[in-house]
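Count residues from 1 along the sequence. Both counts, for ligands and for their atoms, begin at 1 and track the order of listing.
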Amino acid sequence: MDKLFITGGAGFIGSAFVSLALAEFPRCQITNFDALTYAGNLDNLEGIGEHRHRFVRGDIADRDAVLAALGTETDALINFAAESHVDRSIASADEFLRTNINGTQVLLDAGRARGVRRFVQVSTDEVMGSLPEDENAFFTEDSPFAPNSPYAASKAAAEHLVRAARHTFGLDTVITRCGNNYGPRQFPEKFLPLMLSNALGDETIPVYGDGLNVRDWIYVEDHCRAILLALLEGRAGETYNIGARNERRNLEVVESVLRALDKPSSLIKFVKDRPGHDRRYAINPSKVETELGWRPRETWESGLQKTIRWYADHPRWIERARNGDYRDYYAQHYGAL
Ligand code: NAD
Ligand code: TYD
């Protein structure tokens, strides 16, 4: 698995994966195919030389562009590219269907046409919907699909297409499903980087509803290590749920960040709830632990500390991410807070 074709490698998780794969595997060569949407950022690839990394700007829904960039010697295609923000999918689902569904099908077809040995689809626990607050309920690989947002529905559709490519054409596929990632370089529309950037600037932190929704948080590099293992050792046709057994209520996350930055809780502002807001996500990661021997390296405390330090040390990255488009989105979505 030396020649990797990675889509969405200028985004938050994809860029962390590119760095990790290059560092861990000295023979690895990467083609990084990314459309550079508002969420794609070449700053995320700073410091990655051109020696074993080739960046190609392109759209995964553009068949000719994908075929041209893929070549005939790719060992594995790992699909990170997606529209990834639930709130944006509620405002308008079009791009989610185009990229997450049509784009995935284009990649599956192209992978088959070019003889790619393995196709990894990076998916999300959100395809399984929302869990009750009962502490004994967890997502497993056998949980039924029950996507609740247009984003989750588009990712579920993509999983079905991957499954169909395996079943009908015998393509070697692996699906990974992860919970909420946190770490450096996450676009500040997502909750943790939004609250961090706002808190650092003494701005209000918008909390949806009662703030008691539960998410299962994982440090981004731990997620990427699990994807590497699934790529190298996962069984064809299987799905692996990836989670660090780290459930937190949203308010608990905000309070930890405010405490670490020594900021007052008066910055918290409760705002109107997200329509259809999933109450709880919680992953049972037994399969990836026992089959692939994966364990997270970071605790919540160590991962959060690293993340907070990174945002505090990178005001210019935050500023550049919050460009004109971002400000328009923020004003439209949150109004005056
Ligand atoms: P992100 O929004 O930060 O990055 C997405 C990347 O995909 C960007 O670089 C963007 O330019 C690129 N992209 C978007 N549309 C494209 C297109 N049509 N063609 C080519 N490139 C395109 O997302 P992320 O948080 O890094 O998530 C990566 C993957 O992981 C996604 O598939 C997402 O569904 C999945 N995932 C994310 C999380 C999370 O907590 N962030 C959790 C579970 C699964
Ligand atoms: P988000 O980062 O959008 O991820 P997801 O919805 O995919 O889990 O949101 C994480 C949690 O934080 C979710 O319960 C919604 C909540 N949230 C807020 O309370 N305020 C915000 O401004 C945002 C963006 C999210």
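When only modelled atom types and interatomic distance are considered, Thr140 and Asn284 share no side-chain donor-acceptor pair under 3.5 Å. A donor-acceptor contact closer than 3.5 angstrom is absent between the side chains of Asn213 and Arg215. Asn44 and Trp317 form a side-chain donor-acceptor contact under 3.5 Å, judged by distance and modelled atom types alone.
Ligand-side atoms of ligand 1 in range of Tyr151: 33 (C), 34 (O), range being under 4.0 angstrom from any heavy atom. Near Asp59, meaning under 4.0 Å from any of its heavy atoms, are these atoms of ligand 1: 17 (C), 18 (N), 19 (N). Residue Ser84 has at least one heavy-atom neighbour below 4.0 Å for each of these atoms of ligand 1: 1 (P), 2 (O), 23 (O). For ligand 1, the atoms lying closer than 4.0 Å to a non-hydrogen atom of Gly179 are 40 (O), 42 (C), 43 (C). Residue Leu36 approaches ligand 1 through these ligand atoms, each under 4.0 Å from one of its heavy atoms: 11 (O). Listed by atom number, the atoms of ligand 1 under 4.0 Å from Asn180 heavy atoms are 40 (O). Interface of Val122 with ligand 1, defined as ligand atoms under 4.0 Å from a residue heavy atom, comprises 30 (O), 32 (O). Close approach of ligand 1 to Ala39 (heavy-atom distance below 4.0 Å) involves ligand atoms 2 (O), 8 (C).
The shortest N/O to N/O separation between Ser123 and ligand 1 does not fall below 3.5 Å.
Under a hydrophobic-cluster definition in which Ile, Leu, Val, Met, Phe, Trp and Tyr are linked whenever side-chain heavy atoms come within less than 4.5 Å, directly or via other members, Val106 and Phe80 are assigned to different clusters.
Residue contacts with ligand 1: Phe80 is included, with a non-hydrogen atom under 4.0 Å away. At least one heavy atom of Ala10 sits under 4.0 Å from some atom of ligand 1. Remark: distances from the non-hydrogen atoms of Ser15 to ligand 1 are all 4.0 Å or more.
Residue, atom and distance of the protein heavy atom nearest to atom 9 (O) of ligand 1 are Asp34 OD2, 2.6 Å. Protein heavy atom nearest atom 43 (C) of ligand 1, with residue, atom name and distance: Cys178 O, 3.4 Å. Here the heavy atom of the protein found nearest to atom 19 (N) of ligand 1 is Ile60 N, 2.9 Å. Protein heavy atom at the shortest distance from atom 10 (C) of ligand 1 is Thr37 OG1, 3.3 Å. Atom 21 (N) of ligand 1 has as its closest protein heavy atom Ala35 N, 3.1 Å. The closest protein non-hydrogen atom to atom 26 (O) of ligand 1 is Ile13 N, 2.8 Å. Shortest contact from atom 40 (O) of ligand 1 to any protein heavy atom: Asn181 N, 2.9 Å. Residue, atom and distance of the protein heavy atom nearest to atom 3 (O) of ligand 1 are Phe12 N, 3.1 Å.
The closest heavy-atom contact to atom 22 (C) of ligand 1, among the options Ala81, Gly40, Ala61, comes from Ala81. For atom 5 (C) of ligand 1, the nearest non-hydrogen atom from the set Ala16, Ala82, Gly9, Gly8 comes from Ala82.
Under the 3.5 Å distance criterion, the side-chain polar atoms of Trp294 are left unmatched by any main-chain donor or acceptor of Ile227.
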Between ligand 2 and the protein, find all N/O pairs closer than 3.5 Å and give the distance for each.
residue, atom, partner, partner atom, Å
ligand 2, 2 (O), Phe191, N, 2.9
ligand 2, 3 (O), Arg274, NH2, 3.0
ligand 2, 4 (O), Asn180, ND2, 3.4
ligand 2, 6 (O), Arg274, NH1, 2.5
ligand 2, 6 (O), Arg274, NH2, 3.3
ligand 2, 7 (O), Glu126, OE2, 2.5
ligand 2, 8 (O), Asn180, ND2, 2.9
ligand 2, 8 (O), Arg215, NE, 2.7
ligand 2, 12 (O), Asn250, ND2, 3.4
ligand 2, 14 (O), Arg215, NH2, 3.3
ligand 2, 14 (O), Asn250, ND2, 2.9
ligand 2, 14 (O), His277, NE2, 2.7
ligand 2, 19 (O), Tyr208, N, 2.8
ligand 2, 20 (N), Pro206, O, 2.9
ligand 2, 22 (O), Pro206, O, 3.4
ligand 2, 22 (O), Tyr334, OH, 2.5

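Of the charged side-chain nitrogens involved, none lies within less than 4.0 Å of a carboxylate oxygen, so that Glu319 and Arg316 do not count as a salt-bridged pair. Electrostatic pairing of Asp172 and Arg117 does not count as a salt bridge here, judged by no charged N lying under 4.0 Å from a carboxylate O.
A cation-pi arrangement is absent between Arg54 and Phe33 under the rule of less than 6.0 angstrom and at most 45 degrees off the ring axis.
Note that CG of Asn41 and CG of Asp43 are 4.0 Å apart. Values are rounded to the nearest 0.5 Å. Here the CG atom belonging to Asp216 is positioned 8.5 Å from the SG atom belonging to Cys178, to the nearest 0.5 angstrom.
Sorted by first and then second residue, the salt bridge (Lys or Arg N to Asp or Glu O under 4.0 Å) pairs with a member in residues 139-164 read Glu159-Arg177; sequence neighbours excluded.
Between Glu46 and Arg185, every side-chain heavy-atom pair lies at or beyond the 4.5 Å cut-off. For the pair Pro150 and Ile90, the minimum side-chain heavy-atom distance is below 4.5 Å.
Applying the 6.0 Å contact sphere to CZ of Arg112 captures more than 12 heavy atoms from other residues, nucleotides or ligands.
At a 4.0 Å heavy-atom cut-off, ligand 1 does not touch Tyr281 at all. With a 4.0 Å heavy-atom cut-off, ligand 1 is reached by the side chain of Lys155 but not by its N, CA, C or O.
Classified by interplanar angle (parallel below 30°, tilted 30° to 60°, perpendicular above 60°), the ring pair His333/Tyr329 is parallel. In this pair, Trp217 and Trp300 present their aromatic rings tilted. The plane angle is within the 30 to 60° band.
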Show me the donor-acceptor pairs within less than 3.5 Å that the side chains of residues 186-199 make with the rest of the protein, sequence neighbours left out.
residue, atom, partner, partner atom, Å
Glu189, OE1, Tyr38, OH, 3.3
Glu189, OE1, Arg88, NE, 2.6
Glu189, OE1, Arg88, NH2, 3.3
Glu189, OE2, Tyr38, OH, 2.8
Lys190, NZ, Ser84, OG, 2.9
Ser197, OG, Pro193, O, 2.4
Asn198, OD1, Arg322, NH2, 2.6
Asn198, ND2, Thr204, O, 2.8
Asn198, ND2, Tyr330, OH, 3.0

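Clustering of Ile, Leu, Val, Met, Phe, Trp and Tyr by side-chain heavy atoms under 4.5 Å joins Leu67 with none of the others.
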